[in-house]
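Along the sequence shown, residues carry numbers from 1.
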Amino acid sequence: GYKKWLLDAKLILLPIISIFIYEAVCKDMIKHSKMMSGNIQIMENFIALNSSYVYVLLIPIFFVIMMSDFPDMEGAHPWLVYRTGRNNWVFSQMITAFLSCMTVILWVIISSIIPVIGRVFVDNRWSDVVTKITLYFSELENNATVKLITNDIYNHMSCYGAALNCIGLSLLMLMVYSM
């Protein structure tokens, strides 16, 4: 099931998701890091993306399109359910759904890191670009990208903790849609 899903033509949507990620978050974060003459934390784009209501709406739509013919019940598959047993078949479909969800999440993470690869650090702290940009550039106070990672996020959890929360919640959301 998973191998067939990986070879499906609908996965052409993944590069489209990458373009959306670049336009929605990465472009502004690169511009802000140049303005602040500093680097950003490697997961901040991903965290900002998960704070965006547009992402939370569009990525599941793309995912549902990619999973539209899941589970595959063509050809001999009804006989496969009969031979393997319903419980084993459902378990294998859940594994395929999990792997598909993780593939999309990893694609999103990599797509949010690659555009900023030269301007990142990997410490478990928030960058000055996220925490102090409005102190130096007050005109950016109403910027949509600046508003994505609010002080509620960076004051109450570490950067990697926020990234793990984003990964976990994205996984749960996509698993619900795939089921």
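No donor-acceptor pair closer than 3.5 Å links the side chain of Ser111 to the backbone N or O of Val108. Distance alone, capped at 3.5 Å, places no donor-acceptor pair between the Ser52 side chain and the Ala48 backbone. Not a single donor-acceptor pair under 3.5 Å links the side chain of Thr150 to the backbone N or O of Lys147. At least one donor-acceptor pair closer than 3.5 Å links the side chain of Tyr160 to the backbone N or O of Val122. Side-chain atoms of Trp107 come within 3.5 Å of backbone N or O of Leu14 as a donor-acceptor pair. Although no hydrogens or angles enter the test, the distance criterion places no donor-acceptor pair under 3.5 Å between the side chain of Asn45 and the main chain of Cys26.
Shown here for Val104 and Ile59, the closest heavy-atom pair between the two residues is CG1-CG2, 4.4 Å. The shortest heavy-atom contact between Ile40 and Ser127 is CA-CB, 3.7 Å. Here the closest non-hydrogen pair linking Asp128 and Met36 is O-CE, 3.5 Å. Pairing each heavy atom of Ser170 with each of Asn50, the nearest pair is OG-OD1, 2.9 Å. Of all heavy-atom pairs between Met94 and Met175, the closest is O-CE, 4.1 Å. Of all heavy-atom pairs spanning Val116 and Ile30, the tightest one is CG1-CG1, 3.3 Å.
No continuous path of ILVMFWY side-chain contacts below 4.5 Å connects Leu57 to Phe46, so the two sit in separate hydrophobic clusters. The hydrophobic clustering, which links ILVMFWY residues whose side-chain heavy atoms are closer than 4.5 Å, places Phe63 and Ile16 together. A continuous path of ILVMFWY side-chain contacts below 4.5 Å connects Val56 to Leu148, so both sit in one hydrophobic cluster. Cluster annotation: Tyr2 is connected to Leu11 through the hydrophobic network of ILVMFWY side chains, with a link wherever side-chain heavy atoms come within less than 4.5 Å. A continuous path of Ile, Leu, Val, Met, Phe, Trp and Tyr side chains, each step under 4.5 Å between heavy atoms, connects Met179 with Ile105, placing both in one hydrophobic cluster.
A distance of 12.5 Å separates CD1 in Ile153 from OG in Ser158, rounded to the nearest 0.5 Å. For the atom pair CD1 (Ile95) and CZ (Phe91), the distance works out to 3.5 Å, reported to the nearest 0.5 Å. Rounded to the nearest 0.5 Å, atoms CD1 (Ile12) and CD1 (Ile17) are 11.0 Å apart. The CD atom of Gln93 sits 11.5 Å away from the CG atom of Asn88 when rounded to the nearest 0.5 Å. Here Met157 contributes atom CE and Asn165 contributes atom CG; the two are 5.0 Å apart, rounded to the nearest 0.5 Å. Atom OG in Ser178 sits 11.5 Å away from atom CE in Met66 (nearest 0.5 Å).
With a 4.5 Å cut-off on side-chain heavy atoms, Trp5 and Thr103 count as touching. Within the 4.5 Å cutoff, the side chain of Lys34 has heavy atoms near those of the Arg119 side chain. Between Met102 and Leu171 there is a side-chain heavy-atom pair separated by less than 4.5 Å. Residues Ile61 and Ile65 form a side-chain contact, since some pair of their non-hydrogen atoms from C-beta on lies under 4.5 Å apart. Contact check for Cys159 versus Ile47: side-chain heavy atoms found under the 4.5 Å cut-off. For the pair Tyr55/Ile21, no side-chain contact is recorded, criterion being any heavy-atom separation below 4.5 Å from C-beta on. Within the 4.5 Å cutoff, side-chain heavy atoms of Met43 are placed close to those of Ile113.
Remark: Met35 CE is packed, more than 12 non-hydrogen atoms of other residues, nucleotides or ligands lying under 6.0 Å away. No more than 12 heavy-atom neighbours from other residues, nucleotides or ligands sit within 6.0 angstrom of CG on Asn87. Annotation: Lys10, atom NZ; neighbour count of heavy atoms from other residues, nucleotides and ligands within 6.0 Å is above 12. Other residues, nucleotides and ligands place no more than 12 heavy atoms under 6.0 Å from the OH atom of Tyr177.
Shown are Gln41, Glu44, Lys132; of these, the side chain to side chain contact (heavy atoms under 4.5 Å, CB included) with Trp126 is made only by Glu44.
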